[in-house]
2 protein chains.
Amino acid sequence: MDILPPRDASRDSTSGELPLSVVKAELFKALAHPARVRTLEILRDGPRSVGDLQGLVGIEISHMSQQLSVLRRAGLVTARREGSSVIYALKDPLVEELLAVARHFLLGALAETRNLLAGLQGEAPPT
Amino acid sequence: MDILPPRDASRDSTSGELPLSVVKAELFKALAHPARVRTLEILRDGPRSVGDLQGLVGIEISHMSQQLSVLRRAGLVTARREGSSVIYALKDPLVEELLAVARHFLLGALAETRNLLAGLQGEAPPT
DNA sequence: TGTCCATTTGATGAATTTATCAAATACACA
DNA sequence: TGTGTATTTGATAAATTCATCAAATGGACA
């Protein structure tokens with residue numbers, strides 16, 4: 001991680017946003033895995049037990065539990081115990097909105113070129 | 001990365017979204033670093049050269065260039081050469097919206113408890 | 001052409017994340 | 001209490017990302 005220098009407060013966007021950008025990065029980090037995104041997408045349709053999620057996401061149960069703990073720590077989901085199983089749910093409707101905005105952005109990008117993954121454009125800087 | 005199993009298409013959210021979740025995760029990965037988030041926040045206020053960004057973000061120039069290449073590959077920013085310098089800009093207004101939604105989510109979470117980083121809650125599953 | 005400035009690329013070690021396995025914990029129920 | 005099911009935790013190797021340095025590239029301009 002970077003060690004931030006004295007800090008240049010000359011611009012507006014530089015003031016008071018240093019910690020926020022770190023926290024935002026943490027949030028995005030929590031979203032930065034296919035299994036976690038899938039999990040949130042599934043939870044959009046309603047609460048689910050760990051076992052259910054595991055089947056739908058298609059990863060090993062202990063891995064599922066680890067991913068859920070990442071989502072929990074980021075405050076993206078809540079968990080409540082129900083009998084012998086634990087039921088997870090989205091914590092905030094803004095999580096759905098975050099996914100929706102991401103989807104719109106990607107669809108827009110796709111409409112224009114098709115290669116976020118293959119990376120044939122946006123690849124090299126202007127020459 | 002996970003190797004996805006045959007796939008369970010019994011639920012709606014499971015159909016046709018497997019690749020999208022991977023691409024979304026790529027997008028969030030591109031956002032998952034404080035320097036990159038800062039960079040985008042700065043670019044909200046208008047286009048900037050690499051040198052300017054480097055000063056404002058406060059990381060080494062070659063590191064700055066690397067981070068910009070991550071943002072470029074994710075389609076979050078555009079670059080154009082102007083004389084001897086390269087000017088970066090946000091590519092899509094939805095990038096700003098993504099940051100705004102993230103901020104709202106975090107402010108909401110903060111209002112309720114204060115520990116995404118320290119992780120004193122959302123830490124343990126229900127017992 | 002040669003030199004300077006701006007930016008990118010490549011190489012590399014350190015740090016972090018991912019995926020897997022084994023073991024622990026929690027609860028239900030006989 | 002003991003057994004079975006559900007979930008979490010801990011350990012660990014493999015993969016990825018980060019940060020730093022040195023070298024390469026591109027353009028401006030003398």
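Because the structure is a prediction, the values reported are computed rather than measured.
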| side-chain contact (heavy atoms from CB on, under 4.5 Å) partners for B/Ser85, two or more places apart |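 Checked B/Ser85 against side-chain contact (heavy atoms from CB on, under 4.5 Å); matches are B/Ser49, B/Ile87.
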| Results of side-chain contact (heavy atoms from CB on, under 4.5 Å) for A/Ala100 - residues two or more places apart only |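 Partners of A/Ala100 under the side-chain contact (heavy atoms from CB on, under 4.5 Å) test: none.
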| message | Quick check on the hydrophobic clustering: are B/Val70 and B/Leu99 connected, directly or via other members, by side-chain heavy-atom contacts under 4.5 Å? | response |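 Shared cluster, no.
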So which nucleotide from [options] ends up closest to the side chain of [X]?
X       : options               : result
B/Ile61 : C/dA11, C/dT8, D/dG10 : C/dT8
A/Val50 : C/dT18, C/dT8, D/dT8  : D/dT8
A/Val86 : D/dT7, D/dA19, C/dT8  : D/dT7

Taking atom [atom2] of [N] as reference, at what distance in whole Å does atom [atom1] of [X] sit?
X       : N      : atom1 : atom2 : answer
A/Asp52 : D/dA6  : CG    : P     : 10 Å
A/Gln66 : D/dA13 : CD    : P     : 16 Å
B/Glu60 : D/dA22 : CD    : C1'   : 11 Å
B/Phe28 : C/dT18 : CZ    : C1'   : 19 Å
B/Ile87 : C/dA6  : CD1   : P     : 12 Å
A/Glu26 : D/dT17 : CD    : C1'   : 14 Å
B/His63 : C/dT9  : NE2   : P     : 15 Å
A/Met64 : C/dT18 : CE    : P     : 13 Å

Phosphate OP1/OP2 of [N]: any [X] side-chain N/O under 4.0 Å:
X       : N      : value
A/Gln67 : C/dT17 : no
B/Tyr88 : C/dA6  : no
B/His33 : D/dA19 : yes

| query | Salt-bridged, A/Glu41 to B/Lys24, with N to O below 4.0 Å? | reply |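 A salt bridge is present here (some side-chain N lies under 4.0 Å from a carboxylate O).
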| said: Holding to salt bridge (charged side-chain N to carboxylate O under 4.0 Å, His left out), I want the full list of residues that pass it with A/Arg80, two or more places apart in sequence or in another chain. | reply: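 With neighbours one apart ignored, the set is A/Glu82.
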Pairs under 3.5 Å (N/O, protein and nucleotides 27-30 of chain C):
from	atom 1	to	atom 2	distance (Å)
C/dC27	OP1	B/Thr127	O	2.8
C/dC27	O3'	A/Gly83	O	3.4

| query | Taking five pairs at each end, how big is the angle between the two axes of the helix from C/dT1-D/dA30 to C/dA30-D/dT1, to 10°? | reply |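 Inter-axis angle at the termini of the helix from C/dT1-D/dA30 to C/dA30-D/dT1: 20°.
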| request: Determine the contact category for A/Ser65: base if any of its heavy atoms lies under 4.0 Å from a base atom, sugar-phosphate if only primed atoms, P, OP1 or OP2 are that close, otherwise nothing. | output: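 The answer is base, as A/Ser65 lies within the cut-off (heavy atoms under 4.0 Å) of a base atom.
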| query | With a non-hydrogen cut-off below 4.0 angstrom, is A/Ser49 in contact with a base, only sugar-phosphate, or nothing? | reply |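 The residue A/Ser49 makes sugar-phosphate contact but no base contact.
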| said: Which is more 5' along DNA chain C, the nucleotide nearest A/Ser62 or the one nearest A/Arg36? Just name the residue. | reply: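 Mapping each residue to its closest nucleotide by heavy atoms, the 5'-most match is A/Arg36.
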| field | salt bridge (Lys or Arg N to Asp or Glu O under 4.0 Å) pairs, two or more places apart, involving residues 52-61 of chain A | value |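 Only A/Arg48-A/Asp52 qualify under salt bridge (Lys or Arg N to Asp or Glu O under 4.0 Å).
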| query | Between B/Arg36 and B/Lys29, is there a donor-acceptor pair closer than 3.5 Å when you use the side chain of the first and the backbone of the second? | reply |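 Yes.
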| said: Does any part of the side chain of A/Leu71, heavy atoms only, come nearer than 4.5 Å to the side chain of A/Tyr88, both counted from C-beta? | reply: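 A/Tyr88 does not reach A/Leu71 side chain to side chain.
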| task | Would you check if B/Thr39 and B/Met64 make a side-chain contact, meaning some heavy-atom pair closer than 4.5 Å? | result |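 Side chain of B/Thr39 against side chain of B/Met64, heavy atoms only: contact under 4.5 Å found.
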| message | Classify the ring geometry of A/His63 against A/His33: parallel below 30°, tilted from 30° to 60°, perpendicular beyond 60°. | response |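 The rings of A/His63 and A/His33 stand perpendicular, inter-plane angle above 60°.
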